[in-house]
Undergrad: 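Below you'll find the structure I mean.
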Amino acid sequence: MKRRSQKSIDADVARFRERMEFLETAWGAKTEYELDLATGRGWFKVTMPGSSTALVVHDVRAWNVLLPCP
């Protein structure tokens with residue numbers, strides 16, 4: 001597998017953060033996440049307003065998360 005450059009990882013992390021922000025502003029969802037900036041791997045949690053149920057995804061690469069974005 002080809003190793004990704006740090007510049008590429010940084011860009012993907014920025015896009016991931018934009019997607020999380022979009023979920024918060026457009027859908028009113030609460031998001032929590034943590035990413036390793038060196039590898040782009042991490043986890044995220046999305047909870048919709050008024051819900052006690054959450055979507056939690058562990059051990060994911062930022063560039064594999066294809067959520068809505070602005």
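The basis for the numbers below is simple: all heavy atoms, side chains too, and nothing from hydrogens, waters or symmetry mates.
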Undergrad: I need the full list of side-chain hydrogen bond (donor to acceptor under 3.5 Å, both in side chains) pairs touching residues 29-38, with sequence neighbours left out, sorted by first then second residue.
TA: Glu24-Thr31

Undergrad: Taking the side chain as every heavy atom from C-beta outward, state whether Trp63 and Phe16 have any pair of such atoms under 4.5 Å apart.
TA: no

Undergrad: So which heavy atom on Leu37 is nearest to which on Arg17, and how close?
TA: CD2-NH2, 3.7 Å

Undergrad: Scan residues 43-54 for pairs that pass side-chain hydrogen bond (donor to acceptor under 3.5 Å, both in side chains), counting only residues two or more places apart or in two chains.
TA: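 Pairs touching residues 43-54 that pass the test: none.
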
Undergrad: Only counting residues at least two apart or in another chain, list the ones meeting side chain to side chain contact (heavy atoms under 4.5 Å, CB included) with Ser5.
TA: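 Side chain to side chain contact (heavy atoms under 4.5 Å, CB included) list for Ser5, sorted by chain: Lys7, Ser8.
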
Undergrad: Would you give the length of the straight line joining atom OG1 of Thr39 to atom CZ of Arg3, rounded to the nearest 0.5 angstrom?
TA: 9.0 Å

Undergrad: Would a 4.5 Å heavy-atom cut-off, applied to side chains only, mark Asn64 and Leu66 as touching?
TA: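 No, too far: nothing below the 4.5 Å cut-off.
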
Undergrad: For Ala38 versus Gln6, what's the shortest heavy-atom pair and its separation?
TA: O-OE1, 3.3 Å

Undergrad: If I compare all heavy atoms of Ala62 with all of Leu35, which pair ends up nearest, and what's the gap?
TA: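 Looking at all heavy atoms of both residues, the shortest contact is CB-CD1, 4.3 Å.
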
Undergrad: Determine whether Val46 and Leu23 make a side-chain contact, defined as any pair of heavy atoms from C-beta on separated by less than 4.5 Å.
TA: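 In contact.
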
